[in-house]
Every structure is written in structure tokens, then in C-alpha cells.
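The analysis underlying the following values was restricted to heavy atoms, covering all of them including side chains, and did not include hydrogens, waters or symmetry mates. Convention: sequence-line order gives letters A, B, ...; per-chain numbering from 1.
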There are 2 protein chains.
Amino acid sequence: MGPEGIHPDLRDVLRKSNIDLSVITGKQAGVEVMNGYWYKYPHAAITTDCVIFGYDKSGLSVLLIKRGIQPFEGCWAIPGGFMRLDESADECARRELQEETGLDTAFIEQFHTFTDIGRDPRERVITIAYFALVNKTEVRAGDDAAEAQWFPIGQLPNLAFDHAEILAAAHQSLKEKIHFEPIGFELLPEVFTMPELQNLYEAILGVKFDRRNFYRKMMNLGLLDAVDDGIVRNSPRIPINYRFNKEKYDEMKEKHKFRIEF
Amino acid sequence: MGPEGIHPDLRDVLRKSNIDLSVITGKQAGVEVMNGYWYKYPHAAITTDCVIFGYDKSGLSVLLIKRGIQPFEGCWAIPGGFMRLDESADECARRELQEETGLDTAFIEQFHTFTDIGRDPRERVITIAYFALVNKTEVRAGDDAAEAQWFPIGQLPNLAFDHAEILAAAHQSLKEKIHFEPIGFELLPEVFTMPELQNLYEAILGVKFDRRNFYRKMMNLGLLDAVDDGIVRNSPRIPINYRFNKEKYDEMKEKHKFRIEF
DNA sequence: CTTATTAGTGTTAATTCTACGCAAAGTTAG
DNA sequence: CTAACTTTGCGTAGAATTAACACTAATAAG
């Protein structure tokens with residue numbers, strides 16, 4: 001399966017013709033021959049798709065792009081693209097995210113690889129799916145001309161390929177992960193208030209919490225630092241600003257004590 | 001990226017020679033040409049690897065095979081192989097498992113896709129990794145001549161490629177999943193006793209439980225049915241045989257009430 | 001002035017967890 | 001034969017956690 005070397009018959013033909021043999025080099029992936037690559041066995045193509053989650057007071061939403069080319073032209077789709085041979089899937093997903101949002105440090109996580117045979121009508125394509133959690137306020141429009149738009153989860157348009165399935169799986173994965181890792185914070189600005197945090201959790205998990213119990217639970221976890229913003233807060237009417245404390249989280253994670261669940 | 005059609009120069013050369021052009025057909029993946037496939041862009045190869053977990057009273061172990069070919073010839077490795085274009089990754093993993101163990105109904109689950117650039121010295125290969133939970137007593141030797149052997153987790157040999165990393169990730173994934181899904185039962189014979197079940201959990205999670213609390217927890221979950229095996233059990237000295245109740249599990253899963261944790 | 005919002009503390013009952021004790025009745029080792 | 005051990009099953013007392021709601025203070029918004 002590796003670089004097979006060029007097929008003897010083909011080599012012969014090429015040698016007899018005046019095509020430059022110097023382009024025929026044993027590359028890491030297959031044999032490069034005349035602007036193309038030759039393999040003894042058929043190879044599927046590999047893409048990464050990145051479900052980008054954002055959050056604001058209206059709830060949880062995902063960033064979709066309108067496809068400019070066939071197939072599914074004009075259809076909404078999860079951002080993604082073909083993996084290059086000089087990058088890992090993580091790097092590929094991060095590159096896609098950067099192109100689409102301008103962000104290069106967001107939280108991303110691989111959650112599943114989709115391999116159904118007919119999922120792309122053109123050829124056999126498998127996709128390594130990621131989800132990203134971004135702070136919507138930091139996102140700027142994508143570089144490319146592709147139309148991009150946020151859709152509230154629950155008001156999604158029809159999606160290209162098997163992207164509806166991928167998106168549903170991403171949402172499910174997010175729900176499951178949020179119990180045991182403080183990834184919810186990735187969706188908020190660096191500084192946030194307690195009601196904002198609670199709304200976020202309620203939006204993702206689809207449940208309601210008692211405000212006071214939520215407050216106590218969060219404070220007892222010790223993950224929140226009040227921000228000293230100089231504002232005199234003699235009135236509780238002004239929400240307190242908090243910041244996530246990463247050190248305490250790392251410490252807590254080792255002891256397997258972390259859990260946010262109601 | 002799709003089927004690119006055959007390169008005009010190459011087509012010309014082939015036409016001038018006496019090589020049969022009929023083999024050049026537009027296939028789903030790339031263009032088939034003279035026992036090979038030609039693509040405009042380089043493609044990585046795709047494999048699945050399947051970490052097969054087994055369990056007996058000596059603890060948790062994994063099935064490894066000794067590689068008969070280069071690279072890493074003579075080295076132990078996780079069973080796996082190249083994905084064909086007419087099968088999904090799930091089917092590929094299940095096929096590998098069947099070839100290695102003779103089992104065709106075991107529990108398998110995809111947990112991560114490994115894509116590091118240098119992970120295979122031959123060419124770019126990504127692997128979709130699965131773990132399987134099998135009942136060791138049902139496993140028969142693999143069909144192929146390849147040497148296969150069970151290794152207790154914790155006494156693993158040096159492994160080929162990045163298989164040590166894959167195996168560690170599989171074990172971690174198993175540990176996390178076992179809290180919320182009754183996949184532990186997949187490792188046991190259909191009928192088992194309470195001490196066997198407890199030993200299994202202790203072996204996987206690496207902790208000790210109080211026998212009585214474990215008993216009560218399991219019974220309260222309602223997932224175990226005592227087996228009516230006709231043996232008169234007027235003595236507690238004879239362990240009771242249990243069987244896993246799948247219906248109750250499905251019912252419980254919907255209500256999100258399932259958890260095994262101590 | 002009224003209503004709504006936010007922070008924070010209290011309280012209380014219900015539930016769950018943890019760590020044991022104990023009895024019955026055999027099996028196994030010596 | 002005896003002593004030690006195994007397994008089932010119930011009990012239980014204290015600690016910890018959860019869930020549900022009361023209440024105050026302060027003030028912004030209308």
C-alpha cells in the first residue's frame with residue numbers, strides 16, 4: 001500500500017515517450033506522476049469538518065456557511081475542507097476555524113469520524129469531525145467570500161451531505177462533556193457574570209436550575225475569581241464580574257473531583 | 001479532488017502504446033489505470049485499529065498480534081488493517097475483529113482518529129481507532145497465521161507505530177465510558193456472579209469497592225436478573241448466577257438515570 | 001413609586017454515600 | 001474433625017449532598 005513504485009508497464013510507456021521521468025519521484029504518499037499521484041490501491045479522501053458553537057443571550061448557535069460549489073450548491077454546511085498531507089487533522093480543523101472566524105486559539109476537540117460510503121456523492125470521502133467553542137464577540141467575518149451565518153440551535157436550515165447528523169452528534173458530545181470539563185467557559189468572554197454563566201448552562205443542557213443552588217455550586221467549585229474592576233459595588237444590583245481560574249481547574253482535574261451536574 | 005479524469009498527457013501516451021484503455025474507468029475514488037489509481041491530489045491511506053479488551057480473573061488484558069512484515073517486523077501491534085472503499089470504518093473494524101477472534105457480534109466503539117504525520121514510516125496513514133470488548137472464553141485463535149497473544153494491561157510489550165499511545169487512549173476511554181454505560185457486561189460471559197462483576201469493575205477502574213455497597217448499588221440499578229439454573233441454593237456459599245437485563249438498561253438510559261460510580 | 005434584578009446567606013427535608021457489623025450456611029485447608 | 005473462609009443478604013449510623021424555597025439588601029428601570 002505504501003509508495004508502490006511506479007507500475008512497470010507505465011514506466012515503460014513513459015520512458016518510450018518524451019515525458020520527463022524526473023517528475024516521477026517516490027513521495028511519502030504514493031508516486032507523483034505528471035501532476036498527479038498514483039497508488040496501487042484506491043484511496044478515500046479525508047476532510048475535517050468543524051462544528052463551531054457560539055453563545056450569546058439568545059442561546060446556543062452554530063456557524064454555517066453557504067456552499068458556493070456543487071454538490072449541494074447554495075446549501076448550508078458545516079465549515080470544513082480537505083486535509084493536506086503536511087498537516088495533522090487537528091491542524092487542518094484549526095486552519096478551517098481560522099479561515100472562518102479569524103480565531104487561532106479557540107477550544108477545539110475531535111469527537112467522531114464519519115465514514116458512510118455514500119456520504120459524498122463525488123467520491124469516497126471520510127470526515128474527521130471536530131467541534132469548536134468560540135466567543136462570538138471575538139469572531140470576525142471569514143476571509144473568503146463564502147457567506148457565513150450564525151443559526152440558533154433548534155432553528156437549523158437543511159444541511160448538505162450528512163451534516164445534520166454530524167451537527168446533532170456534536171451537540172450531544174458537547175452536552176456530555178460539559179458535565180466533567182469546564183468547557184462552558186470557552187463560550188463566554190473572559191469576564192462574565194453569574195446570570196450569564198447560568199444561562200449558558202441552561203441553554204446547552206436544556207434544563208433550568210435554581211439560581212441560588214447554582215451560585216453556591218459554582219462558588220464551591222472554586223473555579224471562579226471575582227474581577228476587581230474598581231467599580232464600587234455597594235449595590236447587588238450591579239452584577240459581579242467573574243473570571244475562570246484555570247490553575248484551580250487543572251488541580252481539580254487531577255483529583256477527579258470535577259463535576260457540574262444538577 | 002474527486003475523480004479527476006485521466007491526465008491528457010497520460011491518456012495520449014497510453015493511446016499511442018498498446019496498453020488496453022478499457023481498464024481506465026472513472027471509479028468512485030480516483031481513476032483506475034493499469035492496476036493502479038491516479039489522483040490529482042495526494043491521498044493519505046486509512047486504516048482502522050481495534051484494541052481488543054478481554055477479562056478474566058487475572059484482570060484486564062488486550063489481544064495483540066506479532067507483525068510478520070516490515071515495518072516493525074516482529075513487533076507486537078494492535079490488530080488493524082486498511083479500509084476498503086466498499087466498507088465503512090465500522091465494518092472494517094468489525095472485519096478485523098472477526099479475523100482475529102472469530103467473533104462477529106462483539107461490542108465495538110470508535111473512540112479517536114489518530115493522524116500524526118510521521119506515525120507510519122511508509123506513507124501518510126491515518127487510523128480510525130476502535131476498542132472492542134469481548135468475552136475471552138468465546139475467542140478462538142485467529143484465522144491467519146499471525147501470532148496473537150493476550151497481554152495483561154500493565155504488562156504490555158513495546159508496540160509498533162504509535163500503538164502505545166492508541167492503547168493508552170483506549171483504556172482511558174473505556175474507563176470514562178464504564179461509568180455511564182453498562183459496557184462492563186460485554187466483557188463477561190452471559191452468566192456471571194457478583195464477585196466476578198465486582199472484580200471486573202475494580203480491575204478496569206483500579207479501585208476497591210466495599211462488597212456490600214457494590215452489591216446494593218448493582219441490585220438497586222435493576223440491571224441484573226438472577227438466573228434460575230435449578231441449583232438448590234440453600235447455602236450462600238454457592239454464588240448466585242446473574243444475567244444482564246438489556247430491556248431495563250434501555251429504559252434507564254432514556255431517563256438518564258444510569259450511573260455506576262463509587 | 002413600583003417592579004425587577006442581582007448577590008448572598010439561611011434553612012430544612014430528602015436522599016445518597018460510606019463504612020462498617022452481623023448472621024446463615026456451606027466449602028476448603030489443615 | 002475443626003478452623004478459616006466465602007458468599008448472600010440485611011441492617012445501621014453518621015456524613016455529605018441535593019433540592020426547594022425564604023429572606024434581605026440595594027438600586028436600576030419604567
Side-chain angles (χ1 to χ4, degrees), chain A residues 56-58 178-180 188-189 191-203 205-245 252 255-262, chain B residues 57-58 178-180 188-189 191-203 205-244 252 255-262:
Chain A
D56 58 24
K57 56 187 171 301
S58 74
I178 208 169
H179 290 305
F180 305 102
L188 291 172
V191 169
F192 50 86
T193 68
M194 193 61 82
E196 283 170 356
L197 183 61
Q198 181 171 349
N199 283 337
L200 168 67
Y201 271 86
E202 290 178 342
L205 295 174
V207 291
K208 286 280 175 190
F209 304 128
D210 181 273
R211 176 189 67 78
R212 295 149 292 191
N213 293 337
F214 185 88
Y215 168 82
R216 222 173 326 217
K217 186 108 172 185
M218 278 295 164
M219 294 314 271
N220 288 342
L221 284 173
L223 293 174
L224 299 186
D225 291 340
V227 175
D228 180 13
D229 48 13
I231 298 172
V232 183
R233 227 170 292 265
N234 51 1
S235 159
R237 185 62 181 77
I238 305 168
I240 292 178
N241 287 324
Y242 293 99
R243 180 180 283 132
F244 174 59
N245 185 322
M252 190 170 288
K255 292 173 193 154
H256 273 246
K257 281 289 181 189
F258 185 88
R259 184 180 324 157
I260 298 174
E261 201 169 14
F262 297 88
Chain B
K57 57 186 171 302
S58 74
I178 207 168
H179 290 305
F180 305 102
L188 291 172
V191 169
F192 50 86
T193 68
M194 193 61 81
E196 281 170 357
L197 184 61
Q198 180 169 351
N199 283 337
L200 168 67
Y201 271 85
E202 290 177 342
L205 296 173
V207 291
K208 287 280 175 191
F209 304 127
D210 180 89
R211 175 188 68 78
R212 293 149 292 192
N213 293 337
F214 185 89
Y215 168 81
R216 218 172 332 217
K217 186 107 172 185
M218 279 295 163
M219 293 315 271
N220 287 342
L221 284 172
L223 294 173
L224 300 186
D225 290 339
V227 175
D228 179 15
D229 48 12
I231 298 172
V232 183
R233 226 168 292 268
N234 51 0
S235 158
R237 185 62 181 78
I238 305 169
I240 294 178
N241 286 324
Y242 293 100
R243 180 180 284 132
F244 174 59
M252 189 169 288
K255 292 174 193 155
H256 273 244
K257 281 290 182 189
F258 187 86
R259 185 178 324 154
I260 298 174
E261 201 168 14
F262 298 89

At what distance, to the nearest 0.5 angstrom, does CE of B/Met218 lie from OH of B/Tyr201?
4.5 Å
Got a second to check how far B/Asn199's CG is from B/Leu188's CG, nearest 0.5 Å?
10.0 Å
Rounded to whole angstroms, how far apart are NZ on A/Lys208 and P on D/dT18?
21 Å
Starting at CG of A/Leu197 and ending at C1' of C/dT6, how long is that distance when rounded to a whole Å?
15 Å
Would you kindly give the CE-to-C1' distance between A/Met218 and C/dG8, to the nearest whole Å?
17 Å
With sequence neighbours excluded, tell me which residues meet salt bridge (charged side-chain N to carboxylate O under 4.0 Å, His left out) with B/Asp210.
B/Arg212
Any residue meeting side-chain contact (heavy atoms from CB on, under 4.5 Å) with B/Gln198, in chain and number order, not counting sequence neighbours:
B/Glu202, B/Phe209, B/Arg211, B/Phe214
Counterpart residues, side-chain contact (heavy atoms from CB on, under 4.5 Å), relative to A/Tyr242 (two or more places apart)
A/Phe192, A/Met194, A/Tyr215, A/Met219, A/Leu224, A/Ala226, A/Ile240
Look at all strands and tell whether A/Met219 reaches a base, only sugar-phosphate, or nothing, counting heavy atoms closer than 4.0 Å.
nothing
Below 3.5 Å is the cut-off: list the nitrogen or oxygen pairs between protein and nucleotides 22-24 of chain D, distance only.
residue: D/dA22; atom: N7; partner: A/Arg212; partner atom: NH1; Å: 2.7
residue: D/dA22; atom: N6; partner: A/Arg212; partner atom: NH1; Å: 3.4

Calculate the interatomic distance between B/Asn220 atom CG and C/dT16 atom P; express it in whole Å.
9 Å
Report the distance from atom CE of A/Met194 to atom P of C/dT6, rounded to the nearest whole Å.
12 Å
note: A/Asn241, atom CG; C/dA7, atom C1'; distance rounded to Å ~ 13 Å
Taking only side-chain N and O atoms of A/Tyr215, does any of them lie within less than 4.0 angstrom of OP1 or OP2 on C/dG8?
yes
Who passes side-chain hydrogen bond (donor to acceptor under 3.5 Å, both in side chains) against A/Asn245, sequence neighbours left out?
A/Asp225
To the nearest angstrom, how far is A/Leu224 atom CG from C/dG8 atom P?
11 Å
Rounded off to whole Å, could you give me the CZ-to-P distance for the A/Phe214 and D/dC21 pair?
19 Å
Considering only nitrogen or oxygen atoms on both sides, find all protein atoms under 3.5 Å from nucleotides 15-17 of chain D and state each distance.
none

